[in-house]
Structure formats: C-alpha cells, structure tokens
2 protein chains.
Amino acid sequence: MANHPMKPFCYDYPHPAVTTDIALFTIREERLAVLLIRRRAAPFQGCWALPGGFVEMDECLEDCALRELAEETGVTGVYLEQLYTFGKPDRDPRERIISVTYYALAPSEILSPVAGSDAAEVAWFAMDALPELAFDHREVIALAQQRLRAKLDYSTVAFGFMQEEFTLGELQKVYETIRGEALDKRNFRKHILALDLIGETGTSRRVGNHRPAKLYRVQHPGAVLYIK
Amino acid sequence: MANHPMKPFCYDYPHPAVTTDIALFTIREERLAVLLIRRRAAPFQGCWALPGGFVEMDECLEDCALRELAEETGVTGVYLEQLYTFGKPDRDPRERIISVTYYALAPSEILSPVAGSDAAEVAWFAMDALPELAFDHREVIALAQQRLRAKLDYSTVAFGFMQEEFTLGELQKVYETIRGEALDKRNFRKHILALDLIGETGTSRRVGNHRPAKLYRVQHPGAVLYIK
DNA sequence: CCAAAAGTGTTGCTGGTACACCCATGG
DNA sequence: CCATGGGTGTACCAGCAACACTTTTGG
C-alpha cells in the first residue's frame, strides 16, 4: 500500500474522522427554532446544516462542541448535553465520519449569532419550517426534539430557555411551545411552584396594557435536576 | 513531519481511534451482574474490562458492538442500546480513543459466554462486587446501571432479562433486583397486567414444592416500548 | 370603560400504596 | 401435614385535571 507524502498523520489501522454537531434550540415568536448554518464548503456546499466540526486531538467532546458552536455562530454560554452518536459508514461522502451530536438550549434574547469560519450564513429556522438539510442532520434534529419533549416532564431543562429573571407566563409559554398544546394556567403555576425550584425576585415587570407580572428566578442556576 | 512506511493509513489531519464497549447485564442469583473480560494485551494487560474494540470502516456502530461482543465472549442475540460516548483525550494511554458505549440485556439462561480472541477469560461479576477495571469502564458501568434503573419505570426494558416464557414471580424478582427494594406482589401484578403488554400462554410451570405458576409471554417481542 | 394578561381555590377522579389470607404442590 | 411460593381484592390517600372570576394596568 502506497504512502501519501502529503498526508502526514499515519496509522497501522484505518481511523474514522470524528465530529461533533450541535442542535441549538431557542424559542422565537412562540415557536421552537433551531440554529443552522449555510455550508461554505463541499460536500453539501450552500446547503443548510447543523454547526459542528472535527474533534481536535487534545480537546474533549464537549469542549469541541462548544468551540465549534462559537467558531461558526459566535454563540457561547448555552446549556449543552450529549444527544446520540451517529456512525453509519456512508453518512458522509468524503470519508468515514462518526458524529457525536449534542443539543443546546438558550433564551433567544442573549443570542446574536453571526456567521464565522465555515459558515456562509447563520439563521434560525422554526421546527415546522426546516429547509433541506445536509447529511443526516434532519434525523439529528428530530431526535433532539424528541429528547427535549421527554425531558420537559421529568427534568428542569425548560429553564435552559429562560433568562435570569422571568415571569410564570413566559415559562408556561415555553412548556406550551415544546409540548405543542395549551396548559391550564392555575394547574401549571401550582405544579411549578410546588417543585420549589424558583422563587420570586420581589420585583415585577410591565410589558403591555395590563397588570405587571411578578418576576421569578431559579433557585439553583445552571443545574438541571431530575424531578419526581 | 516524517512519513511512516509501516503505517499505511494516512490522513491530512490527525484522526482519533473509535471503539465500542458493551456493558452486558443479566440477573444471576438475584443480583444484577455484568459481563467482563480479562484483557490479553496491553494496556491494562490482565485487567478486567468491558468487551469492546475498534470500529471497522464499513460497519455501523451497533454492528461493531454486536460483533465485538460475539468475538470476545461468544454472546449473541441480546437487546442492545446506545448509552453514551466517552472522549476525554487521555482516557487511553496508547492514542486518542473515543468510545461509543452500549448496554445490553439478556436472560442468563441463554448465555454461555466463552473467552475469544482478545479475552484471556470471561466472567460475570455482581454489581456490588466489581473488580478493578481498565480505562474508565467503571464510570461506563455506573452510567449504564443508572440508565437501566431509570428506564425500568418508563419503558419495558425489564423484558430484556426475561426468557420467552416467564412467570410473574420471576418478572417481579427482576424489578426488585434492579430497584434494590422489595415490591408488593398484588400491586406489582395489577400494575404489570394493566399495561396489557403480556399475556398468559395457557400453560404453567412447576419449579419446587409448591403450586405451579402461570406462564406469560410478551405481546410484542423485541420492541421496547415507552409507557405512560 | 375597554382590552389584555396576571393572579387565585375547589372539586372530582384516578392511580398508587398498604395490607392478609387461601391455594396447589412435593416431600 | 408441613413448607413453599402462587394467586387474589379492598380501602385510603395523594396528586392531576377540569373549571371562572377578579385584579391591575395602558390607552
């Protein structure tokens, strides 16, 4: 078997490439939305895809996901969790590439994504209006949405979409958007307050021609807890 | 950078190696047990470890896990599910190795593991009596056990431990072993039968000096369903 | 005074938990 | 007839679902 003078990284056995891909969700205009980049390079040049890229040899997988997200979209400071690892042999036309996928959550207010490095363009897409996607990224997004729905019931992931201070109305909208159904206001408030995870800040916020809403904040910021 | 004439697989950028590792659980003597192999080769030579090995370039990750399990332990026909991907840069002393881990379940009756290829020895270990383990495999097993406990409540994973026909007493023992607590017999039977997932075979089985037990089988073999 | 979202309790139902005795069998 | 696990029903309690009106504000 021939050597390749221009390919300096050599091994006894074939090695796959490994990437991370990140599905960053937020809620915009009462719809669940995911952040996509338009690919600058082949394959799938000009096609929309999840931000992501190759794992460096000295960084762990989570660091890689955060780095790629920052490099390609400028977004930092999100909640991040490993989703699933996709590894069908032909999922990338270039070579064997195994992708460790993550999903991320953030309140849309803190985000101002800007296209960087490999991205010609960055944009939010509502989940019910996704464009054609590169690779198996549609499958990745579908799985992430499913996981998000499930964790809504038995964990505190929903707080990943909230700013530091928020109203119960805003929180309820998040739950309703992800579950795709209206919830009873009284039952929702009773349920959330019984969890004893959030507390009043003592202040309130006026946003329209109506009564101001009390502001709340999470008791243990950063932590995603399992409930029940 | 120098070429390596004896290392014929060359790339423009460094590539990590990718393995799968499998935590196969069963229930033996009313304890949750995991299948380990004693490593024949360095690193961690002579040390106990999870079965697993390098991903071939033309097989998907799940196929790799099943192949490695079969090659190293002779075990086939188990329920298999992806667990988590471990990728700290220094988790293997040889080179950067990313491991996609799986957990597997099987009734102990169908299993007769035998050491193969890379394994000097194969043995079951009760979860409360694990030996020193190679790499980060203790962490893998702990995570797998945690996942198993959680899924017991909202899925039908427990049937992965059952033979085709089983008694309600046997099924209850499985739940009790994994949860680590005794369950009320009447409530357990009521609950399981209400799920409408199993049905009587019409036959019964005698196993001791007492009344024979009705045999049941799952309505939809192979499927692991989510409940509630 | 009108529009708009905030805020607030009670009732019924359902599902989970606690609990004790008789049955079928082999030795 | 004794030991062993198999098999069965009821009563209570807690948590979830359904449901409507008053409050505060800006225009």
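A quick note: this is a predicted structure, and the numbers were derived from the prediction, not measured. Proteins come first, then strands; the chains are lettered A, B, ... in the order of their sequence lines, and each starts at number 1. FYI, side chains are in, hydrogens and waters are out, and symmetry mates aren't considered; it's all heavy atoms of this structure.
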Side-chain ion pair, Lys88(B) and Asp136(B), N-O less than 4.0 Å: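 Looking at Lys88(B) and Asp136(B), the cut-off is not met.
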Pair Arg205(B) + Glu170(B): basic N to acidic O under 4.0 Å: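 The answer is yes: the pair qualifies as a salt bridge.
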Heavy-atom side-chain proximity of Ile141(B) to Met127(B) below 4.5 angstrom: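 The answer is yes; the side chains approach within 4.5 Å.
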Sugar-phosphate only, base, or nothing, as touched by Arg189(B) at under 4.0 Å among non-hydrogen atoms: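 It contacts base atoms.
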Output all residues satisfying side chain to side chain contact (heavy atoms under 4.5 Å, CB included) with [X], sequence neighbours left out; order by chain, then residue number.
{"X": "Asp153(B)", "value": "Arg179(B)"}
{"X": "Glu81(B)", "value": "Tyr79(B), Tyr103(B), Arg147(B), Lys151(B)"}
{"X": "Arg217(A)", "value": "Glu164(A), Glu165(A), Thr201(A)"}
{"X": "Ala150(B)", "value": "Tyr154(B)"}

DNA chain C stem ranges, 3 or more consecutive Watson-Crick or G-U pairs under 3.5 angstrom: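 Stems for DNA chain C, defined as runs of 3 or more consecutive pairs: C:1-27 with D:1-27.
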Test item: Glu176(A) side-chain N/O and Leu183(A) main-chain N/O as donor-acceptor pair under 3.5 Å: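 Present.
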Sequence neighbours excluded - ring-ring contact (aromatic ring centres under 6.0 Å, His included) pairs with any residue from residues 199-225 of chain A: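 Residue pairs with at least one partner in residues 199-225 of chain A: there are none.
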Residue pairs involving residues 121-149 of chain A (criterion ring-ring contact (aromatic ring centres under 6.0 Å, His included); sequence neighbours excluded):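 Counting only pairs at least two positions apart or across chains, the ring-ring contact (aromatic ring centres under 6.0 Å, His included) contacts touching residues 121-149 of chain A are Phe44(A)-Phe135(A), Trp48(A)-Phe125(A), Phe135(A)-His137(A).
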Residues touching DNA chain D, which here means a heavy atom under 4.0 Å, drawn from residues 165-187 of chain A: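 Those residues whose heavy atoms fall under 4.0 Å from DNA chain D, taken from residues 165-187 of chain A in numerical order, are Asp184(A), Arg186(A), Asn187(A).
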Neighbours of DNA chain D within residues 208-218 of chain A, by heavy-atom distance under 4.0 Å: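 Within this stretch, Gly208(A), Asn209(A), His210(A), Arg211(A), Pro212(A) sit under 4.0 Å of the strand.
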Set of side chain to side chain donor-acceptor pair (under 3.5 Å) partners for Gln146(A), sequence neighbours left out: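 Per chain and number, Gln146(A) pairs via side chain to side chain donor-acceptor pair (under 3.5 Å) with no residue.
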Where chain A begins and ends its contact with DNA chain C, read 5' to 3' at 4.0 Å from heavy atoms: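 With heavy atoms of chain A under 4.0 Å away, the range is dA3(C) to dT10(C).
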Whole-Å distance separating the CZ atom of Phe188(B) from the P atom of dG9(D):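 Result: 18 Å.
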Among Ile192(A), Leu225(A), Val218(A), side-chain contact (heavy atoms from CB on, under 4.5 Å) partner for Leu197(A):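 Of the listed options, the one satisfying the test is Leu225(A).
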Less than 3.5 Å apart, which donor and acceptor atoms pair up between the side chains of residues 18-29 of chain B and the rest of the protein, not counting sequence neighbours?
{"from": "Thr19(B)", "atom 1": "OG1", "to": "Ser99(B)", "atom 2": "OG", "distance (Å)": "3.4"}
{"from": "Asp21(B)", "atom 1": "OD2", "to": "Ser99(B)", "atom 2": "OG", "distance (Å)": "2.6"}
{"from": "Thr26(B)", "atom 1": "OG1", "to": "Ala106(B)", "atom 2": "O", "distance (Å)": "2.6"}
{"from": "Thr26(B)", "atom 1": "OG1", "to": "Ser108(B)", "atom 2": "N", "distance (Å)": "2.9"}

